[in-house]
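Quick notes on the structure that follows.
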Amino acid sequence: SAANTAAADPNAPAASAAVVPGKAKKNYSIQFIQGVAGDEFYITMQCGVEAEAAKLGVSVKTQGPQKFDPTLQKPILDSVVAAKPDAILIAPTDVTAMQTPLQAAAAAGIKVILVDTTTKDPSYAASAIASDNVGGGKAAFDAIKKLNPDGGKVMVMSTDPGVSTVDQRIQGFEESAKADSKFQYLPVQYSHNDPATASNLISSALQKDPDIIGVFAANLFAAEGTATGVRQAGKTSTVKIVGFDAGPNQIKALQEGTVQALIAQQPGSIGQYGIDEAVAALDGGQIQPKIQTGFTTITKENLGGEGGQAAYKSN
Ligand code: T6T
């Protein structure tokens, strides 16, 4: 299965997810709700969603909140549920706040497929598809260790507590860092998915601890802001940054040397499998309740090969 492949070799491409029907039995209406609009990770996922929907002959619409924020995502979900689509693909923005609204959507007879993030108790969902985020956090630590084998102070720049994906990445990174006596793990900073906030937070952190040797930036916007802050502090040569995600700005930062490694997810595949599972659930076919997709560690060295192919689309 995809899960086994990812566990055995994080660099292996995710195996094909589902028993994929050639065509859906009906032209179902499916709604995709992103974690946030305008994020290249979810834009790439949308491409996967739309391509698979066209292949299987179902209709899909996409929308997302202006910020990665449950108070903005919940009203979108509520209006989508009121329109009664056959299925909803959603990346919930908070493990707690989105739990009850999603349970209500499933109780209304709509098939719910979780893509990327999850909630506390996802038992209402027909299927959940996500990266190996704990594994990705561990891979981020391995990348920092490779760049700085002598160890030192490391910290994580996250978005918000309660976002399942980034919390799992932190968990993986923290476990690895604490297991290695050469490294000192500093408290996580929360930048609210805002690059300017991440930039300010890393500037202050570097004033307090000028000997930080590595930062794991747990998503695209955290990485963007961290790179800016480290560059403005003139610390690019001593502070190694490993970012999660591979949007166009992250690839540029890697090329310019302001970021040293990226953990690239497979958002297109997550979207594709999301549609497969929605159609399987609606057709009464064979569902895979849990699918784990892989990731690739990209550095300047492998950017032209497999790494380059892992980059996200910007539109
Ligand atoms: O890292 C992705 C996604 O996996 C995460 O849940 C939220 O942030 C991103 O969308 C990147 O901005």
Side-chain angles (χ1 to χ4, degrees), residues 6 9-13 40-41 44 131-159 165-166 168-177 179-180 182-186 188-189 191 195 198-199 202 205-206 212-231 233 235-267 293-312:
D9 176 6
N11 290 323
E40 283 120 5
F41 173 83
T44 309
S131 297
D132 173 10
N133 286 296
V134 175
K138 288 187 189 300
F141 178 76
D142 291 343
I144 286 192
K145 189 174 171 170
K146 215 169 162 190
L147 292 156
N148 244 322
D150 294 339
K153 289 180 184 169
V154 290
M155 65 162 269
V156 181
M157 183 64 72
S158 188
T159 62
T165 47
V166 289
Q168 287 163 0
R169 292 167 201 167
I170 296 169
Q171 185 199 323
F173 185 90
E174 182 177 354
E175 279 170 13
S176 295
D180 192 322
K182 282 187 179 167
F183 288 84
Q184 188 186 338
Y185 180 76
L186 299 179
V188 180
Q189 308 263 344
S191 60
S199 175
I202 191 65
L206 285 169
I212 289 175
I213 56 102
V215 183
F216 168 40
N219 89 337
L220 200 149
F221 299 104
E224 194 172 316
T226 300
T228 306
V230 168
R231 184 165 32 83
K235 289 274 198 179
T236 301
S237 59
T238 56
V239 182
K240 305 299 178 198
I241 304 174
V242 177
F244 224 86
D245 298 312
N249 281 338
Q250 284 64 54
I251 299 292
K252 203 166 151 246
L254 198 62
Q255 282 161 340
E256 290 169 355
T258 54
V259 165
Q260 283 70 40
L262 300 173
I263 312 295
Q265 306 187 74
Q266 301 174 341
T293 50
F295 56 81
T296 308
T297 302
I298 313 183
T299 59
K300 225 178 188 174
E301 286 68 47
N302 70 358
L303 191 56
E306 191 192 354
Q309 286 157 28
Y312 305 167

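What you are looking at is a predicted structure, and each value in this text was computed from that prediction instead of being measured.
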Checking the side chain of [X] only, and the main-chain atoms of [Y] only, is there a donor and an acceptor separated by less than 3.5 Å?
X	Y	answer
R169	N133	no
N219	A222	yes
S199	T228	no

Looking at every non-hydrogen atom in both residues, tell me the closest pair between [X] and [Y] and how far apart they are.
X	Y	result
Q250	E40	OE1-OE1, 4.5 Å
A261	T299	CB-CG2, 4.1 Å
S131	G294	OG-O, 4.4 Å
M157	T226	CG-OG1, 3.4 Å
V239	I212	CG2-O, 3.5 Å
V166	A218	CG1-O, 3.5 Å

Y185 vs F173 aromatic rings, parallel, tilted or perpendicular, using cut-offs 30° and 60°?
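Aromatic pair Y185/F173 classed tilted.
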Test K182 against D150 for salt bridge (Lys or Arg N to Asp or Glu O under 4.0 Å), laying out the working first.
CA-CA 7 Å; K182 282 187 179 167; D150 294 339; 5.2 Å; no
Set of salt bridge (Lys or Arg N to Asp or Glu O under 4.0 Å) partners for D142, sequence neighbours left out:
none
When the ring centroid of F244 is compared with that of F295, is the distance short of 6.0 Å?
no
For a side-chain contact (heavy atoms from CB on, under 4.5 Å) check, start with the C-alpha distance between D180 and F141, then their side-chain angles and the critical distance, and finish with the verdict.
CA-CA 10 Å; D180 192 322; F141 178 76; 4.0 Å; yes
Residue pair I241 / T258, side-chain heavy-atom distance below 4.5 Å:
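No - every pair of side-chain heavy atoms lies 4.5 Å or more apart.
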For D245 and Q265, which I'm curious about, is there any donor-acceptor pair between the side chains at under 3.5 Å?
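Indeed, the side chains of D245 and Q265 share at least one donor-acceptor pair under 3.5 Å.
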